[in-house]
Amino acid sequence: MRTFNATFVATILLSLSLVSLSSSASPVKYDSGVPSDIQAQMEADLGFMNQIQGNGQTNFHQQIFGAVSGAQYKNFFESRIKKIGLNDCGNPNAVACVIPMMGSNKMWLTQNFIKFSHPQIARLMVVYHESRHSEIAHGNWPHDTCPTPFLDANGHDMKSIWTGASLAGEPACDSTQLGSYGSSTILLKNVAMYCTNCGDKVKMDADLYATDQLGRIDRPDVKQAMINDFHGQAK
Amino acid sequence: MDKRSKFFVILSGAAFTAALLFFALSSKKTPSEVGIETLTVSPEANTKTNANPPTPAKAPLLSNEEQTRLQTLDEILKSKNDNDPRLDQLFQHLSTGIKLAMEKRYQDFAREDRNGRGTIVFLISREITSAEDIQFLKSVYEEAPCTNMDGCSAAPSNDPHHSGVENTSLNYPQLVGLYQIEKTIRNNPQAFSDSAQRAALLDLLSKAKLFPVQSVQNRASTILSLIPNP
Ligand SMILES: [Zn+2]
């Protein structure tokens with residue numbers, strides 16, 4: 001009887017949580033062709049972002065997103081992305097993209113969104129990067145052409161991937177902290193520093209991926225301003 | 001049927017399915033009834049390459065509670081919820097036995113399971129307490145680098161747009177280990193001051209510096225610069 005009662009209560013709780021889940025699901029509309037497991041992963045990832053709580057933020061974060069807060073991140077995403085479809089994004093390893101000529105407020109996810117074993121923060125970094133590309137008022141925040149040569153802090157050629165071609169001359173940089181690389185770097189650095197309900201792994205991941213992405217800022221003064229911002233010295 | 005009725009029909013269906021699922025799960029064997037050997041399959045391990053064939057490592061003797069924790073780790077990884085609070089609640093102050101079992105898990109995971117493997121490295125490198133821990137971490141830098149998320153031995157992709165994210169994920173286990181070591185040293189400069197541990201750490205870092213990926217080499221160099229000469 002005790003087991004039955006516990007099971008009964010758990011079932012009721014599960015049902016109630018389903019009700020709350022359905023009412024808190026994002027208002028983004030999925031195309032019918034988006035597989036349910038991809039939709040579920042996207043909803044789970046956005047659900048994580050939407051419940052973030054923070055105890056501070058940097059000035060650049062305040063300018064772009066507001067406070068470190070799930071409500072702000074939810075508003076940022078949902079005011080930019082209204083629909084989600086399935087696409088290969090023109091690259092066999094892509095995870096997500098925005099294709100302005102196919103609708104600026106639409107994000108496309110690929111099968112890799114659930115197939116590849118990226119940490120959750122990595123998927124979200126791409127999602128927020130792409131949502132920045134939806135802003136028509138800013139020309140979709142086009143990327144800057146990386147300079148030639150394009151070297152890292154140790155004087156090594158910045159490469160597309162460790163075995164790959166040089167990034168020099170590729171449209172894969174930002175000259176402002178407000179672009180897609182810059183804003184997603186600021187987002188993740190702030191999650192790493194100020195999220196109060198993120199676990200150690202999430203904070204580590206946010207820092208790791210943000211540190212890498214900072215390398216795509218090709219103007220030394222802008223990069224330095226971002227570093228100062230992260231250290232509370234932004235002007 | 002109007003929209004409101006449809007909603008309640010869907011909701012009732014979902015609740016009924018959830019109830020069935022719950023009853024099915026609750027009728028499963030308890031963790032203590034499940035042998036450790038049954039818990040070694042990663043969510044993605046069946047379809048991908050495993051460059052490190054399972055070693056005939058002897059399965060460590062674990063308490064029922066530790067076996068349950070390992071099962072929980074599998075559940076967390078399968079859920080892809082990296083913010084599951086149990087990662088911090090259940091996986092600190094780990095015994096040697098559970099660390100060895102987790103290292104075996106690492107070997108059993110497909111190489112392409114970068115987040116799964118990296119999570120194991122994270123949990124062990126977060127609290128390095130023995131030479132065995134350092135030995136395991138060193139082996140991570142002796143692996144062949146993963147070249148493509150779709151297959152660790154496949155030709156690399158070449159799209160510069162999100163290649164930074166991809167590059168970090170490809171080398172995630174290696175970067176995580178160094179991240180935690182650096183964090184430990186920055187928080188406690190006296191960590192690894194024991195001469196044997198220091199020597200083992202320097203050996204690990206020398207391997208990391210030889211790992212053929214610039215971002216891993218750079219992190220290893222940074223850590224080496226933090227370690228004072230004896
Ligand atoms: Zn972009």
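Within every chain, numbering begins at 1; the chains are lettered A, B, ... in the order of the sequence lines, protein sequences first and strands thereafter.
Rounding to the nearest 0.5 Å gives a distance of 7.0 Å between OG of B:Ser221 and CG of A:Asn154. The CZ atom of A:Phe116 sits 4.5 Å away from atom CG of B:Asp150, with the distance rounded to the nearest 0.5 Å. From A:Tyr209, atom OH reaches atom OG1 of B:Thr168 across 5.5 Å, with rounding to the nearest 0.5 Å.
Residues A:Asp207 and B:Tyr179 share a closest heavy-atom pair of OD2-OH, 2.8 Å. Pairing each heavy atom of B:Tyr172 with each of A:Leu208, the nearest pair is CE1-CD1, 4.2 Å. Across every non-hydrogen atom of A:Ala122 and B:Val165, the tightest pair is CB-CG1, 3.9 Å. A:Leu167 approaches B:Pro160 most closely through the heavy-atom pair CD2-CB, 3.5 Å.
Of the atoms belonging to B:Asp84, not a single heavy atom falls under 4.5 Å from chain A. Looking at A:Gln111, there are no atoms closer than 4.5 Å to chain B (heavy atoms on both sides), in backbone or side chain. With a 4.5 angstrom heavy-atom cutoff, A:Asp200 touches chain B via backbone and side-chain atoms both. Using a 4.5 Å cut-off between heavy atoms, A:Gln120 contacts chain B through both its backbone and its side chain. Residue A:Pro92 does not touch chain B at all, counting heavy-atom pairs closer than 4.5 Å. Contact annotation for A:Ala44: neither backbone nor side-chain heavy atoms come within less than 4.5 Å of a heavy atom of chain B.
In terms of heavy-atom pairs under 4.5 Å with chain A, the best-connected choice from B:Gln214, B:Arg219, B:Gln89 is B:Gln214. Between chain B and the residues A:Asp205, A:Asp45, A:Thr211, A:Asn112, the most heavy-atom pairs under 4.5 angstrom are made by A:Asp205. The candidate from A:Met125, A:Gln213, A:Met158, A:Gln41 with the greatest count of non-hydrogen atom pairs under 4.5 Å with chain B is A:Gln41.
Between A:His133 and B:His161, the ring-plane angle classifies as tilted under the 30° and 60° cut-offs.
Counted by atom type alone, A:Ser117 and B:Asn115 present zero donor-acceptor pairs between their side chains at under 3.5 Å. When only modelled atom types and interatomic distance are considered, B:Asn148 and A:Asn93 share a side-chain donor-acceptor pair under 3.5 Å. For the residue pair B:Ser169 / A:Arg123, no side-chain donor-acceptor distance below 3.5 Å is found, with atom types taken as modelled.
Salt-bridge check for A:Lys201 with B:Asp88: failed, with every basic side-chain N at 4.0 Å or more from each acidic carboxylate O.
Between B:His162 and A:His118, the distance from one ring center to the other does not fall under 6.0 angstrom.
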Yes or no on side chain to side chain contact (heavy atoms under 4.5 Å, CB included) for B:Asn167 and A:Lys159, after CA distance, side-chain angles and deciding distance? CA-CA 10 Å; B:Asn167 205 36; A:Lys159 289 189 170 179; over 6 Å; no
